[in-house]
Amino acid sequence: MKDAELVRAIIRLRSADRPADDVIAGLGKAELASQPEATIVAIVRGYYEFKSNGYEDADIYREIEGRREQAYGEEPLPADLNLDNYTRYRMRLEFPNQSALHDPIFVMQAVHRVRETLEKEYGPGGMPITFRTMPWVANAALAYAALVGVTQGGLLGLGIATGKEPPISMPFGVALLVVALALLAGAIGFAGKAPWGRTLLAAALAIQFAAHASSYVYMFMAHSGTPWEWPDAFVLALMAGHLAVIAGLLVFMHRPVRPEPAPA
């Protein structure tokens, strides 16, 4: 999302003194750049740019505030600086007559909206996307996709490529191979916060769940006429655990996202 559209989206978050939707939609780039919300975007973007270059938080606020002081003069900073209270301080300082901009809830939502957008560009908290900075669910999705890619995708792909008949029907084997590749691509996109990543991963997980659930039911029905032994119970528990992992990933991927606290 471009900064101009981000400013437009933040204006719509105002709880008071909010322009009509058609007025907001009709604002040009120059008009959007002159809105107070453009200052919020500039503050948060500045934070992420410094953070991505290895600056500590205290140094970041010192740099951002130093630029502001050149234009407006020195002012006492709020205690316990973070993006929320620093942005609110700037709104009160630079737009003292617009009380709607001083609302803590508005500022928190606006900062979170900008952070959410910029993290797709800079990574979580402005840090590059790595295994340490990714959410655990992204790491779990990558680990599961890698395992499926090696076992389900690799073994089936090798068998099909060498002309060996898979232990299941050929169309079903090809379908599972495609799902494994889609899972791997979707997990990488999801971890990297690509716009298509979540959708592709969710679709691949849902198909994976349906395919394996149906195959497990078929195996269970085929085994129903023979006596069960402890290895069979182990295999059954393994199957149930596999389906639980897929279901868990789907659930955690679609949890309601709560605004995270701004970096301290």
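What you see below is based on every heavy atom in this structure, not just the backbone, and it leaves out hydrogens, waters and symmetry mates.
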Q.
Can you tell whether the side chains of Asp57 and Lys51 come within less than 4.0 Å, N to carboxylate O?
A. yes
Rounded at 0.5 Å granularity, tell me how far [atom1] in [X] sits from [atom2] in [Y].
X: His112; Y: Arg115; atom1: NE2; atom2: CZ; result: 7.5 Å
X: Leu32; Y: Arg8; atom1: CG; atom2: CZ; result: 4.5 Å
X: Arg45; Y: Ile64; atom1: CZ; atom2: CD1; result: 12.5 Å
X: Thr117; Y: Ile10; atom1: OG1; atom2: CD1; result: 8.0 Å
X: Thr87; Y: Ile43; atom1: OG1; atom2: CD1; result: 4.5 Å
X: Ile11; Y: Gln35; atom1: CD1; atom2: CD; result: 4.5 Å

Q: Dump the intermediate steps for side chain to side chain contact (heavy atoms under 4.5 Å, CB included) on Asp17 and Gln98, then the final yes or no.
A: CA-CA 8 Å; Asp17 300 332; Gln98 299 190 45; 5.5 Å; no
Q | Trp196: hydrophobic cluster co-members (side-chain, 4.5 Å) | A | Leu200
Q | Nonpolar side-chain network containing Val23, other nodes, edges under 4.5 Å | A | none
Q.
With ring pair (Phe, Tyr, Trp, His ring centres under 6.0 Å) as the rule and sequence neighbours excluded, what pairs involving residues 80-102 come up?
A. Tyr61-Tyr86, Tyr86-Tyr89
Q.
Going by the rule salt bridge (Lys or Arg N to Asp or Glu O under 4.0 Å), which residues pair with Glu94 if we only count those two or more places apart in sequence or in a different chain?
A. Arg90
Q: Applying salt bridge (Lys or Arg N to Asp or Glu O under 4.0 Å), name anything that partners Glu65, two or more places apart in sequence or on another chain.
A: Arg68
Q | Partner residues of Arg18 under the side chain to side chain donor-acceptor pair (under 3.5 Å) criterion, sequence neighbours left out | A | Asp21
Q. What residues, two or more places apart in sequence or in another chain, satisfy side chain to side chain donor-acceptor pair (under 3.5 Å) together with Arg12?
A. none
Q: Write out all pairs satisfying side chain to side chain donor-acceptor pair (under 3.5 Å) with one or both partners inside residues 142-159, taking only residues at least two apart or from two chains.
A: Tyr144-Gln208, Tyr144-His242, Gln152-Gln208, Gln152-His212
Q.
I need the full list of side chain to side chain donor-acceptor pair (under 3.5 Å) pairs touching residues 173-188, with sequence neighbours left out, sorted by first then second residue.
A. none
Which donor-acceptor pairs under 3.5 Å do the side chains of residues 179-190 make with protein atoms, sequence neighbours left out?
none

Answer with yes or no whether the hydrophobic clustering places [X] together with [Y]; edges join I, L, V, M, F, W, Y residues whose side-chain heavy atoms lie under 4.5 Å apart.
X: Leu147; Y: Phe209; answer: no
X: Leu243; Y: Phe252; answer: yes
X: Leu83; Y: Leu77; answer: yes
X: Val174; Y: Val150; answer: no

Non-hydrogen atoms of [X] and [Y] that approach each other most closely:
X: Pro36; Y: Leu101; result: CB-CD1, 3.3 Å
X: Pro96; Y: Leu93; result: CD-O, 3.8 Å
X: Ser214; Y: Ala211; result: OG-O, 2.7 Å

**Q.** Flag, side chain of Asn82 to backbone of Asn85, donor-acceptor distance under 3.5 Å
**A.** yes
Q | Pairs touching residues 210-219 that satisfy salt bridge (charged side-chain N to carboxylate O under 4.0 Å, His left out), sequence neighbours left out | A | none
Q.
Per the salt bridge (charged side-chain N to carboxylate O under 4.0 Å, His left out) rule, what does the pair list look like for residues 26-37, sequence neighbours excluded?
A. Arg14-Glu37
Q) Does a donor on one side chain and an acceptor on the other come within less than 3.5 Å for Glu119 and Tyr48? A) yes
Q. Stepwise, does the side chain to side chain contact (heavy atoms under 4.5 Å, CB included) test hold for Met91 with Ile40?
A. CA-CA 8 Å; Met91 292 296 101; Ile40 298 177; 3.8 Å; yes
